[in-house]
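Note that the structure is predicted; figures quoted are calculated from it, not measured. A note on names: the letters A, B, ... follow the listed sequences, proteins ahead of strands, and every chain is numbered from 1.
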Amino acid sequence: MAVNFLYPDYEVSRNDDRCIACRVCERQCANEVHEFLADTNKMVSDDAKCVNCHRCVALCPTRALKIVKNNNTYKENANWSAKTMNELYRQASSGGVLLSSMGNPENYPVYFDKILLNASQVTNPSIDPLREPMETRVFLGAKPQNIERDEAGRIVNNLPPHLTLSMPMMFSAMSYGSISYNAHESLARAAEELGILYNTGEGGLHEDFYCYGKNTIVQVASGRFGVHPDYLNSGAAIEIKIGQGAKPGIGGHLPGEKIVGDISRTRMIPEGSDAISPAPHHDIYSIEDLRQLVFSLKEATNYQKPIIVKIAAVHNVAAIASGIARSGADIIAIDGFRGGTGAAPTRIRDHVGVPIELALAGVDKRLRDEGIRDNVSIVAGGSIRSSADIVKAIALGADCVYIATAALIALGCHLCRSCHTGKCNWGIATQVPDLVKRLNPEIGYKRLVNLLTAWQHEIKEMIGGMGINSIESLKGNRLMLRGVGLSEKELEILGIKYAGE
Amino acid sequence: MKEGQIRIPSGCAISGLIDKSGKRMSGEAVLRSISVMHDRSNGLGGGFAAYGIYPEYKDFYALHIFYDNSASKKSCEEFLEQHFDIINLSKIPTRKIKVITEEPLIWRYFVTPLPTKLGGSQLDEREFVAKCVFRVNTRIDGAYIFSSGKNMGVFKAVGYPEDIGRFYRLEEYEGYCFTAHGRYPTNTPGWWGGAHPFALLDYSVVHNGEISSYDANRRTIEMYGYKCTLQTDTEVITYIVDYLHRKKGLTFSETAAVIAAPFWQTIERMTPEKRETHEYLRNVFSAQLFTGPFSILVGFEGGLMALNDRLKLRSMVVGEKGDLVYIASEEAAIRIIEPNLSRVWSPMGGEPVIVRLNGDEV
């Protein structure tokens, strides 16, 4: 039916003067956009198949290719945008739920971009990280209530299990299955080299990666895929995934086509079966049930590992966090609504949840007001894009941040937001062996190490400028922040002053 | 504009001296010392803490209180009578000094908690007194308790410290330890309560510097029930010292290892046992670390601790002669009262100098 025709959003523009018909683009595109016409000795392309991942652009040896926004347009309408109309056509033809990948791309306020940082002038010297020690080490976990001493008066080490990180960043959960073996290997090796942790996500842990255990967080999600005693004991911490910022209120979904070979084995489910996690944990219908799962996991690991509870940032996040802080959990991870995903219903991704900046500020304040901030550490995620975002998140009250989308971009992701198709040309969000091979973990892990090392340098420069020489003194230090373009209410929730105040 | 409405960083001069034998001396010496550093203050605040000055009342809490007017005095005294047995009360003696103006009513009370009130509160005596001090300072408009220890007292005002000392007739007090502060705030507060030293129970702090960790420290200590009403570094330092030493039972050297923690690279070179203790302290009390420049003198019953920030971004010199130990922002401030020192040194950043009366446990 003609009404089903959707004009492509992007156009593959080929400069025929430059094109040498080497057919690299054709070989590189899993979406089969490019085709060689032997009779005319020319390359042609089908824009309709293009996802705008830039693989062909990046590999074209003569820079003959670029992807440009299409200027085909419906009659302009401020209310019925082309995007809205196209989505409607698609649903009218399929009867299905719209699916999307990666984080919410819609134009909601990014509070990090409306917060500015302080620096020292005159009254307090700024500190130069090239000449003075500048500390970024952080601990995650609960603090003991009391100091205990032995007969000789020495302090007894009564610390509950905790994590030690060389810098306040961790790679957040991305399951083996949603991303490739090589992507996982890159994350694991980078975490080990950097002295931080990565997170298995809900797909279990491939047996090849048990050796990175002390740098691994193993996740327990509602589907309990791949969860067994060795798995729980293999990591440095266990994360109970209640929710994800990209899709609060629903569980994960990995299509059967991606459940092949090792993935099926690691998840402990049959090949080809959809891995659909239930929306809630069916043993957690209330906060007291969470406490039982926290302690079940502690029992299973002999009280040796801190337990993280990860929740999506939703409207009532402060009260939920308060409950979690009294549940025996050691760390709360909060995932903002701009967080990424391998697949989520579009409407949920784009309309459910709240920004991490507001959620984080609210949770930190509530836990302090209730005197229970020492019970837990807070990890903030859901679109941390740069070292400046990290500094701002920590000053708002986070102990550490979770990074995922930025890490994937470091590995080559171009945010085409088509992970759910399983045909990632960069070898990240795919299980097709030929595509997976394109991501070399030897190079991938070094790029991750580079990125976080660069961010660590930048953090040192920024906090040094504030006259701070330990990241601990930035935590919750909201006087180092000022807002611009924010309302009274927004400033109040963020707990910061307006610039010029 | 009052302290507490805005945050005011300030530069300063500090000086202190203690006689380890416990022998009492007049306040004249510290007065001469601080006056040498006139240019380090700007006339917007100064004060003194003196220890051992009330031997005849040594078992009673000495409350020094500023009142804005007689109405605030009346409501504060009502509160005090409900909670304490007042053994003695009087105006604090002062003399008129031309440059010291706008003085509030300044009163002194020697008190002990009423046994029934104390028992009912289920608190130990010091916690009970501290809670009462917070109550007055946050709830009774125009009343401000600026000194609340036993056998010690704080004397402070807006002005240059040497004028303030004369105003309070400091030379007439005899104590075993004195600290002094001259203030250079980067703003113009006109309130006496905002001057330093800042004190709670027998802890008093004089401080030169500006801590960059301020808001992290403030938000942490407020979680433990302290109210930072002045928005000054000295206030938050005093509360954190009180929290670590009195409430958590850390020693003064452990307290120093928290607030001016050794760098990780230093800790890694320590013996395993020492390393474990320092790692523990830095983990558990990470939010009580101060960064940014400071030199502080912490007075307490029976001793004095001097401490610099971990990078030593503020000057601080220590001198010794016999039983006397002198500490000041500048060596000149020590030499003026004792030219023939047997030893003079600048302590390293984060290295506490803890002086106690002879015979007291270290």
Side-chain angles (χ1 to χ4, degrees), chain A residues 118 120 122-127 132-139 141 143-144 146-149 153-159 162 164 166 364-365 367-374 394-395 397 399 463-481 495-497 501, chain B residues 6-11 184-186 209-225 231 233 244 247-251 254 257 261-267 273-274 276-294 309-311 313-314 349:
Chain A
N118 192 29
S120 301
V122 184
T123 56
N124 182 341
S126 40
I127 303 168
E132 306 283 354
M134 190 62 67
E135 301 178 327
T136 58
R137 184 184 302 185
V138 290
F139 299 102
K143 308 286 185 212
N146 292 303
I147 301 291
E148 294 168 25
R149 290 180 189 273
R154 285 187 301 260
I155 291 176
V156 176
N157 187 348
N158 60 352
L159 279 169
H162 61 274
T164 305
S166 65
D364 178 64
K365 179 172 190 305
L367 298 186
R368 287 173 192 262
D369 287 349
E370 294 185 9
I372 52 175
R373 184 64 182 81
D374 286 347
I394 292 174
D399 291 85
I463 68 173
M466 297 172 188
I468 290 174
N469 55 11
S470 173
I471 195 84
E472 295 148 334
S473 293
L474 179 69
K475 190 176 90 182
N477 196 337
R478 296 190 187 175
L479 268 183
M480 291 298 166
L481 306 175
I496 63 174
K497 295 182 172 191
E501 268 191 285
Chain B
I6 44 158
R7 173 160 156 73
I8 304 164
S10 52
Y184 197 133
T186 49
E210 180 186 337
I211 54 174
S212 51
S213 54
Y214 174 77
D215 214 32
N217 304 135
R218 175 190 68 84
R219 297 182 71 228
T220 300
I221 202 69
E222 289 201 332
M223 190 167 86
Y224 307 130
Q231 298 197 37
D233 293 349
L244 294 173
K247 291 200 172 171
K248 288 285 150 181
L250 297 189
T251 64
E254 286 162 353
F263 286 101
W264 286 116
Q265 61 195 51
T266 311
I267 291 173
E273 195 185 321
K274 228 177 138 188
E276 193 183 359
T277 303
H278 279 274
E279 274 178 8
Y280 178 90
L281 291 173
R282 286 206 62 177
N283 182 339
V284 177
F285 299 111
S286 59
Q288 282 88 351
L289 169 71
F290 298 131
T291 57
F294 67 82
D309 65 87
R310 53 213 309 243
L311 283 180
L313 296 170
R314 281 290 183 273

Heavy-atom distance under 4.5 Å to chain A: side chain of [X], backbone, both or neither?
{"X": "L289(B)", "value": "both"}
{"X": "E254(B)", "value": "side chain"}
{"X": "Q288(B)", "value": "neither"}
{"X": "L250(B)", "value": "both"}
{"X": "R282(B)", "value": "both"}

Once rounded to the nearest 0.5 Å, what's the spacing between atom [atom1] of [X] and atom [atom2] of [Y]?
{"X": "S213(B)", "Y": "I463(A)", "atom1": "OG", "atom2": "CD1", "answer": "11.5 Å"}
{"X": "R137(A)", "Y": "F263(B)", "atom1": "CZ", "atom2": "CZ", "answer": "13.0 Å"}
{"X": "S212(B)", "Y": "L479(A)", "atom1": "OG", "atom2": "CG", "answer": "11.5 Å"}
{"X": "Y214(B)", "Y": "M480(A)", "atom1": "OH", "atom2": "CE", "answer": "11.5 Å"}
{"X": "I496(A)", "Y": "D215(B)", "atom1": "CD1", "atom2": "CG", "answer": "11.5 Å"}
{"X": "T291(B)", "Y": "N469(A)", "atom1": "OG1", "atom2": "CG", "answer": "5.5 Å"}

What is the minimum heavy-atom distance between [X] and [Y], and which atoms define it?
{"X": "N146(A)", "Y": "Y280(B)", "result": "O-OH, 4.1 Å"}
{"X": "A216(B)", "Y": "K475(A)", "result": "CB-O, 3.3 Å"}
{"X": "P262(B)", "Y": "E135(A)", "result": "O-OE2, 4.4 Å"}
{"X": "L311(B)", "Y": "P133(A)", "result": "CD2-CD, 4.3 Å"}
{"X": "R368(A)", "Y": "M223(B)", "result": "O-CG, 3.3 Å"}
{"X": "P293(B)", "Y": "N124(A)", "result": "CD-OD1, 3.0 Å"}

At a heavy-atom separation under 4.5 Å, does [X] approach chain B through its side chain, its backbone, both, or neither?
{"X": "D374(A)", "result": "both"}
{"X": "N158(A)", "result": "both"}
{"X": "V156(A)", "result": "backbone"}

Flag, side chain of N283(B) to backbone of T164(A), donor-acceptor distance under 3.5 Å |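 Checked: no pair found.
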Please walk me through it: do I155(A) and L281(B) pass side chain to side chain contact (heavy atoms under 4.5 Å, CB included)?
-> CA-CA 9 Å; I155(A) 291 176; L281(B) 291 173; 3.9 Å; yes
If you count heavy-atom pairs within less than 4.5 Å of chain B, which of [options] leads?
{"options": "R149(A), E132(A), R154(A)", "value": "R149(A)"}
{"options": "E501(A), E370(A), K143(A), M466(A)", "value": "K143(A)"}
{"options": "R373(A), H162(A), E472(A)", "value": "E472(A)"}
{"options": "G371(A), G141(A), G397(A), A395(A)", "value": "G371(A)"}

Would you check, one step at a time, whether the test side chain to side chain contact (heavy atoms under 4.5 Å, CB included) holds for S470(A) with R310(B)?
-> CA-CA 11 Å; S470(A) 173; R310(B) 53 213 309 243; 3.7 Å; yes
Taking atom CD of E273(B) as the centre, does the number of heavy atoms from other residues, nucleotides or ligands within less than 6.0 Å exceed 12?
->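 Open.
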Check whether more than 12 heavy atoms from other residues, nucleotides or ligands sit under 6.0 Å from atom NZ of K365(A), and answer yes or no.
->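 Check fails, neighbour count at 12 or below.
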